[in-house]
Trainee: 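Encoded as structure tokens, here's the structure I'll be asking about.
To find a chain, count down the sequence lines: A is the first, B the second, and so on, and within it residues start at 1. Keep in mind that this is a model prediction, so the values were computed, not measured.
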Protein chains: 2
Amino acid sequence: MLREDVTDAIRGAVFEELAAVGFARMSIEGIARRAGVGKTAVYRRWKSKLHLVLDLVAAVAAQGMPAPATGSLYGDVRAVLELAAYALRHPVASQVIPDLLVEAARNPEISEAIKAALLDQQQGVAAVVVRAAVARGELPEGSDPDRALDLIVGPLYWRLVVVRGDLPKGYLDDLAASAVRALKA
Amino acid sequence: MLREDVTDAIRGAVFEELAAVGFARMSIEGIARRAGVGKTAVYRRWKSKLHLVLDLVAAVAAQGMPAPATGSLYGDVRAVLELAAYALRHPVASQVIPDLLVEAARNPEISEAIKAALLDQQQGVAAVVVRAAVARGELPEGSDPDRALDLIVGPLYWRLVVVRGDLPKGYLDDLAASAVRALKA
DNA sequence: GTACGTCGCAACGCAACCGTTTCGTCGTTA
DNA sequence: TAACGACGAAACGGTTGCGTTGCGACGTAC
């Protein structure tokens with residue numbers, strides 16, 4: 001029987017190593033070193049570093065992403081932004097997410113995993129939010145949820161991850177208002 | 001005297017190698033192999049792969065980025081989006097840019113170079129566009145060019161680079177219109 | 001109390017790349 | 001034509017990680 005505490009230590013080490021050096025530079029030796037276990041313990045559980053990461057991403061995907069239901073489009077958008085900003089400002093996540101996204105451009109398996117864990121989830125949330133807004137009459141029939149998602153999280157991702165700028169007070173409020181205004185075509 | 005054609009071959013190989021495997025996996029041996037030159041020729045010109053890439057990025061920075069002047073805010077925004085979409089759809093650039101952006105999060109020298117080559121350029125363009133729009137009375141005094149840039153290129157970058165989705169006909173038009181609408185607070 | 005499986009540790013042979021050096025070839029310059 | 005310097009190729013010793021194997025220690029199940 002594989003020891004649970006060892007498994008957890010490895011999982012944690014993968015996460016930290018991924019944030020510290022990125023997928024490309026990550027090594028199984030480094031993971032074992034960081035986790036304080038032997039390489040044997042790692043190879044007994046996973047075949048390669050790819051499987052390690054796919055397992056990690058799948059765990060994130062499994063936990064799901066909650067869709068807001070505040071009763072207004074602005075409220076929903078603002079809630080989505082709050083959640084996204086929280087994740088993208090997390091020091092570990094803000095390193096791991098863009099790193100894996102770049103890796104996904106070269107590796108179909110990572111691409112598929114990331115899509116299921118993040119993009120599909122977000123598109124699902126956007127679909128719920130848009131559908132509710134349409135039902136309330138806040139948005140016209142046939143509004144495209146994907147385009148809505150672009151307008152909502154695109155600017156935030158750009159600022160936090162690409163430019164790596166700060167998040168001024170009131171920025172999320174303004175952005176939510178801008179997105180709502182942009183959506184009501 | 002160093003041979004110009006060899007220098008060019010190396011520069012080209014760096015670009016291709018960067019797109020193919022990314023900065024982290026890139027090796028000087030691989031570059032020399034791809035360029036069809038000896039390692040000696042590379043080391044005679046640059047100290048390390050970091051210097052190779054910094055040199056490449058500086059070359060991009062030096063060529064500058066043109067600011068549009070179409071006479072309307074919508075026209076200017078649309079022109080910026082056209083240029084950005086062209087770059088982000090380029091198969092090599094669309095691999096290299098996000099890769100270096102991720103690398104920049106871990107390497108201050110790359111960060112500085114990328115900032116000068118891309119971000120500062122874009123912020124300069126945004127500043128010109130916003131200033132012109134304010135002068136025309138299309139935007140209120142004190143509009144923030146950085147926020148404008150977030151709203152203009154954020155959604156496009158998200159769609160093309162993060163989601164790696166397609167670009168439907170009319171998307172740029174809609175996005176430009178949305179951005180203009182969002183900016184007029 | 002014995003047998004089994006996981007544990008950490010260390011070593012294995014192999015591969016890639018590091019940065020340097022040596023060599024013989026070739027083109028340019030004087 | 002002689003000297004010089006860059007060229008490609010190959011080899012150097014050193015480092016890192018690969019995936020595998022053998023080891024003795026430990027803990028648990030029977």
Trainee: Output the rounded distance in Å from CH2 (B:W46) to C1' (C:dG19).
Mentor: 17 Å
Trainee: So what does B:G36 hit on the nucleic acid, given a heavy-atom distance under 4.0 Å: a base, only sugar-phosphate, or nothing?
Mentor: sugar-phosphate
Trainee: Please say whether more than 12 non-hydrogen atoms of neighbouring residues, nucleotides or ligands are located less than 6.0 Å from CZ in A:R164.
Mentor: yes
Trainee: Rounding to an integer number of Å, can you tell me how far A:L2 CG sits from C:dG5 P?
Mentor: 12 Å
Trainee: Indicate, yes or no, whether a donor-acceptor pair under 3.5 Å links the base of D:dA6 to the side chain of B:T40.
Mentor: no
Trainee: Quick one: do A:D166 and A:Y171 satisfy side-chain hydrogen bond (donor to acceptor under 3.5 Å, both in side chains)? Show the steps, please.
Mentor: CA-CA 10 Å; A:D166 62 338; A:Y171 184 86; over 6 Å; no
Trainee: Mind calculating the distance between CE (B:M1) and P (D:dA3) to the nearest angstrom?
Mentor: 22 Å
Trainee: Using a strict 4.0 Å threshold on nitrogen-to-oxygen distance, state whether B:D174 and B:R181 make a salt bridge.
Mentor: no
Trainee: More 5' along DNA chain D: B:T7 or A:M26, using each one's nearest nucleotide?
Mentor: B:T7
Trainee: In this structure, how many angstroms lie between the P atom of D:dA6 and the CG atom of B:D5, rounded?
Mentor: 14 Å
Trainee: Can you tell me how far P of D:dT16 sits from CZ of A:R33, to the nearest Å?
Mentor: 9 Å
Trainee: Looking at A:R3, I'd like to know whether one of its side-chain N or O atoms comes within less than 4.0 Å of OP1 or OP2 on D:dT28.
Mentor: no
Trainee: Could you check how far CZ of B:R45 sits from P of D:dG5, rounded to whole Å?
Mentor: 16 Å
Trainee: Hey, is B:R11 close enough to B:D55 for a salt bridge, meaning N to O under 4.0 Å?
Mentor: yes
Trainee: Does A:K39 get its side chain close enough to the base of D:dG19, under 3.5 Å, for a donor-acceptor pair?
Mentor: yes
Trainee: A:Y43 has an atom OH; how far is it from atom C1' of C:dG8, in whole Å?
Mentor: 16 Å
Trainee: In whole angstrom, what separates A:E29's CD from D:dT20's P?
Mentor: 13 Å
